[in-house]
Amino acid sequence: MRVCGVELSANDANVCLLSLADEVFQIPDCRARKFSLPKNADASDLRYFQKSFAQLVQDYKIDKIVIRQRPMKGKFAGGAVGFKLEAALELLADVEVIIMSPTEIKESLKRNPVLVPMDETGLKMFQETAFNTAYAYLMKDKYDL
């Protein structure tokens with residue numbers, strides 16, 4: 001199964017592909033690490049973002065998109081543009097989109113810690129949360145106690 005972990009941060013969607021096959025994790029090379037939307041985005045910008053992401057899903061044969069949930073209010077609340085990005089991803093056809101809460105991610109990582117240091121994965125530091133989201137999702141059902 002190949003999943004795409006997504007962290008929405010301001011105007012960006014940081015992504016990380018992760019696959020699990022025969023009990024082995026792989027981080028496939030991906031042409032995009034981040035998708036951005038301009039601050040004053042209009043409908044055409046949002047459609048372009050959605051089309052670009054849909055092409056990524058098709059090209060890399062992604063089975064599921066796993067988005068790290070953001071609070072709607074409070075100190076760490078997401079902005080309006082981030083919620084537009086989330087909606088655009090949720091409306092993609094031919095791919096299942098899952099929203100995972102930070103609590104679920106934290107619990108899964110606690111039970112099934114990542115055994116490889118982040119700097120050895122070949123990912124950029126801004127992709128760490130997206131990686132953790134994808135990893136936590138794949139480990140959630142497979143190796144829970």
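For the single chain, residues carry numbers from 1 onward in sequence order. Here the structure is a predicted model, which means the values were calculated and not measured.
Residues L37 and F35 share a single hydrophobic cluster, defined by chaining ILVMFWY side chains whose heavy atoms lie under 4.5 Å apart. Hydrophobic clustering, with ILVMFWY side chains joined whenever heavy atoms are under 4.5 angstrom apart, groups L89 together with V81. Under a hydrophobic-cluster definition in which Ile, Leu, Val, Met, Phe, Trp and Tyr are linked whenever side-chain heavy atoms come within less than 4.5 Å, directly or via other members, M1 and I27 are assigned to the same cluster. In terms of hydrophobic clustering, with Ile, Leu, Val, Met, Phe, Trp and Tyr side chains grouped at heavy-atom distances under 4.5 Å, L109 and V6 are assigned to different clusters. Cluster membership for V15 and L46, using ILVMFWY side-chain heavy atoms within less than 4.5 angstrom, is shared.
Interatomic distance, CD1 of I65 versus CG of L56, reported as 8.0 Å (0.5 Å rounding). For the atom pair SG (C4) and CD1 (I98), the distance works out to 12.0 Å, reported to the nearest 0.5 Å. In this structure, K106 NZ and R111 CZ are separated by 12.5 Å, a value rounded to the nearest 0.5 Å. One finds the NZ atom of K84 at 10.0 Å from the CG atom of N11 (value rounded to the nearest 0.5 Å).
Other residues, nucleotides and ligands place more than 12 heavy atoms under 6.0 Å from the CG atom of D42. For OH of Y48, the number of neighbouring non-hydrogen atoms (other residues, nucleotides, ligands) closer than 6.0 Å is 12 at most. Within a 6.0 Å radius of CG in D94, other residues, nucleotides and ligands contribute 12 heavy atoms or fewer.
Residue A134 comes nearest to C16 through the heavy atom pair CB-O, 4.4 Å, listed as atom of the first residue, atom of the second, then distance. Considering every non-hydrogen atom in both L20 and L138, the closest pair reads CB-CD1, 4.2 Å. Residue A13 comes nearest to L85 through the heavy atom pair N-CD1, 4.4 Å, listed as atom of the first residue, atom of the second, then distance. Closest non-hydrogen pair, N112 versus Y135, comes out as O-CE2, 3.1 Å. When every heavy atom of G82 is checked against every heavy atom of L8, the shortest pair comes out as O-CD1, 3.6 Å. When every heavy atom of N40 is checked against every heavy atom of D45, the shortest pair comes out as O-OD2, 4.2 Å.
The side-chain heavy atoms of V3 and I62, taken from C-beta on, include no pair separated by under 4.5 Å.
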V116/F25 under side chain to side chain contact (heavy atoms under 4.5 Å, CB included): CA gap, chis, key distance, verdict = CA-CA 11 Å; V116 177; F25 283 97; over 6 Å; no
Take Q26 and L18 through the side chain to side chain contact (heavy atoms under 4.5 Å, CB included) test and state the conclusion after the steps.
-> CA-CA 6 Å; Q26 293 180 349; L18 188 63; over 6 Å; no
Evaluate side chain to side chain contact (heavy atoms under 4.5 Å, CB included) for Q50 paired with Q55, printing each intermediate quantity in order.
-> CA-CA 9 Å; Q50 188 179 40; Q55 191 63 50; over 6 Å; no
Determine, stepwise, if the pair E128 / L123 fulfils side chain to side chain contact (heavy atoms under 4.5 Å, CB included).
-> CA-CA 7 Å; E128 183 173 8; L123 298 171; over 6 Å; no
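In this structure, the side chain of S19 does not engage the main chain of R2 through any donor-acceptor pair within 3.5 Å. In this structure, the side chain of T121 engages the main chain of M118 through a donor-acceptor pair within 3.5 Å. Within the 3.5 Å criterion, the main-chain N or O of P117 finds no donor-acceptor partner in the side chain of E120. Under a 3.5 Å cut-off, the side chain of Q127 and the backbone N or O of K124 do form a donor-acceptor pair. Y137 places no side-chain N or O within 3.5 Å of a backbone atom of I67 that could act as its donor or acceptor partner.
Salt-bridge formation is detected for the pair E96/K64: a Lys NZ or Arg NE/NH1/NH2 atom is positioned less than 4.0 Å from an Asp or Glu carboxylate oxygen. For the pair E86 and R70, the salt-bridge criterion is met [side-chain N within less than 4.0 Å of a carboxylate O].
Ring pair F49/F53 is tilted by interplanar angle, where 30° to 60° counts as tilted.
Side chains of S36 and D12: a donor-acceptor N/O pair is present below 3.5 angstrom, by distance only. N14 and E7 share a donor-acceptor pair across their side chains, judged by distance under 3.5 Å alone.
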